[in-house]
Structures are given as structure tokens and as C-alpha cells.
Undergrad: 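Take a look at the following structure, please.
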Amino acid sequence: MSGNEMKYIQEAFDTNWIAPLGRNVDKFEEELCEYVGVEHGLALSSGTAAIHLALKYFGVGPGDYVFCSDLTFAGSCNPILYQYANPVFIDSEPESWNMSPIALEKAFEWAKKENKMPKAVIIVDLYGQSADYDSLLPICERYGVPVIEDAAEALGATYKGKKCGSFGHVGIFSFNGNKIITTSGGGMIVSNDEEAIKKMRFWATQSREPAKHYEHKEVGYNYRMSNICAGIGRGQLEVLDERILAKKEVRDRYDKGFESLPLSLMPIPAVSASNYWLTVIILNNNSSTTAADIIGNLESNNIESRPIWKPMSLQPIFNECISFTHCEKSFGNELFINGVCLPSGSELTLEVQESIINNIKGLF
Ligand SMILES: *Cc1c(COP(=O)(O)O)cnc(C)c1O
């Protein structure tokens with residue numbers, strides 16, 4: 001917490017606007033939109049709820065197809081199943097570790113041939129870094145398919161100077177506890193399409209028709225953010241840029257510390273500025289030390305680290321789904337096997353980080 005969250009929560013208590021909605025929700029939507037550079041925002045109970053509403057908005061229903069980045073968290077694609085549709089997973093490229101334009105093109109060619117055009121494409125900005133939108137968006141445009149930008153991990157990151165979350169027809173953010181800023185739990189959907197946000201706002205508030213009594217013509221959801229959570233978000237947003245700077249320093253120290261080791265950090269293309277949410281490493285193919293060795297060693301020193309996301313196409317729940325790879329073999333699988341997400345908190349002390357670096361160096 002930054003310290004200012006209590007000020008906004010107190011305001012909610014003082015005015016007795018605890019729920020539903022209230023001034024903090026309106027202001028949080030406004031302030032986040034201004035930060036990202038989009039016109040309209042809708043604060044929700046989670047990032048997953050945001051993706052669900054976006055899929056519904058693009059008309060995704062039973063039997064439909066939706067393309068989605070393969071290397072991601074399950075929250076990106078579970079909502080495809082909520083709508084009884086079929087996910088098709090798209091591999092990562094080595095340059096950015098994000099969706100491969102080559103694999104995306106392959107998927108569209110398949111869809112065209114099989115008459116299985118997707119209703120939407122979910123492009124994820126992985127670990128706080130933008131996908132290559134100048135390559136990906138023209139492909140989706142050529143096939144006339146709308147893009148949902150899953151920027152859950154990438155608030156504050158940019159691509160060619162433009163903020164992540166502003167590239168798709170709609171963008172989504174998460175404020176879950178593990179993200180770069182949190183509302184304890186929450187999400188937001190943003191767009192320049194006012195009608196789209198209006199419709200999703202309606203669905204998110206139980207599809208209550210404008211009438212004095214409770215009138216419903218469509219199925220609705222209880223997906224809004226509480227005024228207390230939004231107060232936390234407002235306080236967090238104030239320190240986002242500071243936090244990005246602190247996280248950049250964490251990454252720079254790892255980068256320097258690992259100079260001579262057979263591993264590399266997640267690459268940052270020249271056109272991108274990461275928010276450095278997580279520092280992630282991948283071991284070279286010739287390294288005799290494995291990702292499991294590193295995770296095991298850190299764990300025995302009471303330091304938590306994690307493997308890279310397990311690609312969705314490898315998950316038992318999605319094992320019957322079709323997927324398209326960048327090369328012959330899946331690049332995402334290689335990242336999963338050889339990668340480690342390192343402790344990257346903005347409050348990581350120099351001493352603790354030094355001991356992490358030394359532990360890892362000692363394994364080589
Ligand atoms: C966290 C996350 C989500 C889901 O957000 P929640 O707020 O936890 O529902 C979706 N996509 C990605 C890439 C995420 O990291």
C-alpha cells in the first residue's frame with residue numbers, strides 16, 4: 001500500500017457510500033482512463049469478468065471460435081468456456097515472447113479454409129510487456145476480427161510510446177493482489193467505443209432495465225467493483241510510475257548480476273517499454289543447471305520463485321483445443337521448461353536481491 005488508499009476509503013466511509021458503486025468508482029475509472037489514454041472505462045470485480053463481458057459483447061456464443069495467446073494465465077481464456085466457445089491457442093515469438101504474427105497468420109489461414117473464423121482475438125501483454133501490435137493488428141483487421149487486449153499484467157507499459165490497454169477494440173486490466181497495482185481484487189475494461197462500454201456496464205449490473213421497478217429482458221451479471229476497492233485503486237494509481245521505476249532497478253540489478261551466466265532475461269524490443277512486473281529468465285539450451293535447480297535452490301533458502309506460465313495448450317482442461325506454433329516446435333513450451341520468474345517486488349531490498357543473485361550464481 002502507498003499510504004493514500006486510506007484517504008479514499010475514509011471518504012467512502014464519511015459519505016456512507018460503501019456500496020454499490022460511488023464516487024471512488026467513477027473517479028478510478030476516470031483516472032485510469034486518463035493514465036492509459038482511452039476515453040471510457042468500466043470498473044469490475046476482476047480481470048476475468050472483464051474478458052467475459054468483452055467476449056459477450058463481440059457475440060461469442062456456443063460453438064464459436066476465439067483465438068488467444070497460448071502462453072498466459074488461465075484467466076485469459078476461461079471466459080471462452082463460460083460462453084461455451086472453443087479457444088484456439090497461438091504460440092509466442094522469440095522477439096517479445098508475446099503472440100507470434102506467424103502463428104496468428106497460420107491460424108487465420110486454417111480458420112478460413114475450415115470456415116471457423118474467430119469472433120475475437122485475445123492478445124496478451126505478457127509479464128508487463130507489450131505484444132508487437134504493428135504486426136498483429138493488421139492481420140486481425142484484414143480478416144475483420146476484433147481484438148481484446150489482455151493488459152492484465154501490463155498497466156503502465158508502452159509500445160511505440162502508446163500505453164498498453166489502448167491497442168485493441170477493448171483493453172482489460174486486472175487489480176488482483178499479484179498485479180503491479182491492486183484493489184485487493186478487481187478489474188477494468190477500457191475502450192474508445194462508448195456504446196460498447198455502455199452495453200457492458202448494463203450487463204455487469206444485472207442487466208437492470210431503466211424502470212422504477214426491477215425489470216429484466218437479458219441475462220445479467222454481478223460484476224461491478226465496490227466503492228471501497230476503487231478507493232484502494234485510486235491510492236495505488238498514484239504510485240504506479242514510482243513502482244515501475246523501482247521494478248526497472250530490480251531488473252537492471254539482475255541483468256548486471258547474471259552477466260557471465262548462460263541465461264538471458266526476457267527480451268525488451270527497442271519499441272517497447274516494459275512495466276517490469278516480473279523479471280523472468282530463460283536458461284540457454286547448453287546450460288547444465290535447470291530451471292528446477294534454480295527454483296529448488298531458492299526454495300531451500302526460503303525464497304519463492306516460479307516457473308513461467310504453463311502454456312494453455314498443455315493444460316488438461318484445454319487438451320482438445322487446436323493450437324498454432326511459431327516454428328515447428330512450440331516456443332512457449334521451451335519457455336515453460338527453461339524459464340524462471342524471479343522475485344521482482346518494488347520493495348525488494350538490495351541485500352535480499354544480492355543473496356538471490358549469489359544463490360543462482362553458485363549453481364553454475
Ligand atoms: C491476472 C490475469 C488475468 C485475470 O485477472 P483477475 O483479476 O485475476 O481475474 C487475466 N489475464 C492475465 C494475463 C492475467 O495475468
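Both counts, for ligands and for their atoms, begin at 1 and track the order of listing. Treat the numbers as computed from the prediction; the structure is a model and nothing was measured.
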Undergrad: Taking 4.0 angstrom as the limit and counting only heavy atoms of Ser46, give me the atoms of ligand 1 inside it, by number and element.
TA: 7 (O), 9 (O)
Undergrad: Are Lys179 and Glu153 ion-paired here, with the side-chain N under 4.0 Å from a carboxylate O?
TA: no
Undergrad: Just to confirm my output: which protein heavy-atom neighbour is closest to atom 2 (C) of ligand 1, and how far is it?
TA: Lys179 NZ, 3.0 Å
Undergrad: To the nearest 0.1 Å, how far is atom 4 (C) of ligand 1 from its closest protein heavy atom, and which atom is that?
TA: Thr48 OG1, 3.5 Å
Undergrad: Do the charged groups of Glu194 and Arg201 touch, with an N to O distance under 4.0 Å?
TA: no
Undergrad: Test your reading of the structure: does Ser76 have an N or O sitting under 3.5 Å from an N or O of ligand 1?
TA: yes
Undergrad: Show which atoms of ligand 1 fall inside a sub-4.0 Å distance from at least one heavy-atom site of Thr72.
TA: 13 (C)
Undergrad: Check the orientation of Tyr143 and Phe108. Use parallel for under 30°, tilted for 30 to 60°, and perpendicular for over 60°.
TA: parallel
Undergrad: Could you identify the single nearest non-hydrogen protein atom to atom 15 (O) of ligand 1 and state the distance to 0.1 Å?
TA: Glu153 OE2, 2.6 Å
Undergrad: Decide, yes or no, whether a salt bridge links Glu218 with Lys199 under the criterion of side-chain N to carboxylate O below 4.0 Å.
TA: yes
Undergrad: Side chain or backbone, does Gly47 bring an N or O within less than 3.5 Å of an N or O on ligand 1?
TA: yes
Undergrad: Is Lys256 paired with Asp252 through a side-chain N to carboxylate O contact shorter than 4.0 Å?
TA: no
Undergrad: Looking only at protein heavy atoms, identify the closest one to atom 10 (C) of ligand 1 and say how far it is in Å.
TA: Asp150 OD2, 3.6 Å
Undergrad: List every atom of ligand 1 that sits less than 4.0 Å from any heavy atom of Asn176, numbering the atoms from 1 in the order shown and giving each element.
TA: 7 (O), 8 (O)
Undergrad: Between Lys27 and Glu30 (salt bridge meaning N to carboxylate O under 4.0 Å), is one present in this structure?
TA: yes
Undergrad: Run the salt-bridge test on Glu249 and Arg251 with the 4.0 Å N-O cut-off and return the result as yes or no.
TA: no
Undergrad: Counting each atom of ligand 1 from 1 as listed, which ones have a heavy atom of Gly186 under 4.0 Å away?
TA: 7 (O)
